[in-house]
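Notes follow once the structure below has been shown.
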Amino acid sequence: MEKNYWKEAGALNFQLSEEIVGGFDIGFEARIPVETQDALMRFAYWVENNYSLPITLWVDFKNRHYLMAPGKGRVDYKFYWVAFADYPVFLKEADIPVIELPVKTGRRSLEEILRTFAQALTHYFAWLCNAYTEDFVPDSALAEAVLQAYLAQNSL
């Protein structure tokens, strides 16, 4: 397993503006079943309780099987970020990172969707550690370890 950005982020100290709060800010596209929303929120609450999210992370769940990215075609999620101008200072609320994640079941199980969510979150934690680049590839073993720790404590 590579660096554990999830844990490293807990030891970081950021200078934040008063408008910046930690944790998730989550939105659900219409027609996502309540059961799917509940399962995703349970995982998000577990992440907030077990890991440090000092800078708000907007997560936009889409009622789709996949997303399209220019030059890449179909993707499992998108991560948008603004590079730190003066790390570890983060003062602009408009610059909070964003994850877009398709969560339509049918082709993928809820567990597969949560696995993808964990991979997408690895981008956020690497960004917090100022280790994120355009070429970043999340450690699938780390994302899997996080998901398995969650599943060991919670049922789907």
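Side-chain atoms are counted along with the backbone in the values below, which use heavy atoms only and exclude waters and symmetry mates. This structure is a prediction, so every number in the text was calculated from the model and none was measured.
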Practice task
Give the intermediate values and the outcome of side chain to side chain contact (heavy atoms under 4.5 Å, CB included) for residues Tyr66 and Arg107.
Solution key: CA-CA 10 Å; Tyr66 58 86; Arg107 295 182 187 168; 4.0 Å; yes
Problem - Candidate pair Thr122 and Trp6, rule side chain to side chain contact (heavy atoms under 4.5 Å, CB included), full reasoning - result: CA-CA 7 Å; Thr122 303; Trp6 288 62; 2.9 Å; yes
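Using cut-offs of 30° and 60° on the angle between ring planes, the pair Trp127 and Phe79 is perpendicular.
Looking at every heavy atom in both residues, Leu128 comes nearest to Ile55 through CD2-CD1, 4.0 Å. Among all heavy-atom pairs drawn from Phe43 and Ala118, the shortest one is CZ-CB, 4.2 Å. Annotation for Ser52 and Phe125: closest pair O-CE2, 3.2 Å, computed over non-hydrogen atoms. Scanning both residues, Ser109 and Glu112, for their nearest heavy atoms gives N-OE1, 2.7 Å.
Annotation: the span from Leu147 atom CG to Gln119 atom CD amounts to 9.5 Å, rounded to 0.5 Å. The distance from the CZ atom of Phe28 to the CZ atom of Arg31 is 15.0 Å, given to the nearest 0.5 Å. To the nearest 0.5 Å, atom CG of residue Asp60 and atom CD1 of residue Ile99 are 10.5 Å apart. Going from atom CH2 of Trp46 over to atom CG of Leu114 covers 11.0 Å, rounded to the nearest 0.5 Å. We find the OG1-CG distance between Thr116 and Leu121 to be 11.0 Å, quoted to the nearest 0.5 Å. Atom CG of Leu156 is separated from atom CZ of Arg42 by 7.5 Å, given to the nearest 0.5 angstrom.
Under the 3.5 Å distance criterion, the side-chain polar atoms of Lys78 are matched with a main-chain donor or acceptor of Met68. A distance-only check finds a donor-acceptor pair linking the side chain of Gln37 to the backbone of Ile32 [under 3.5 Å].
When the shell of 6.0 Å around CD of Glu18 is examined, it contains 12 or fewer heavy atoms from other residues, nucleotides or ligands. Few gaps surround OH on Tyr87; more than 12 heavy atoms of other groups in view lie less than 6.0 Å from it. The number of heavy atoms from other shown groups lying within 6.0 Å of CG (Asn49) is above 12. For CD of Gln15, the number of neighbouring non-hydrogen atoms (other residues, nucleotides, ligands) closer than 6.0 Å is 12 at most.
The pair Arg64-Glu29 meets the salt-bridge criterion, since a charged nitrogen lies less than 4.0 angstrom from a carboxylate oxygen.
The only option from Val98, Leu57, Val59 that meets the side chain to side chain contact (heavy atoms under 4.5 Å, CB included) definition with Tyr124 turns out to be Leu57.
When ring centroids are compared, Tyr132 and Tyr5 stay outside the 6.0 Å threshold.
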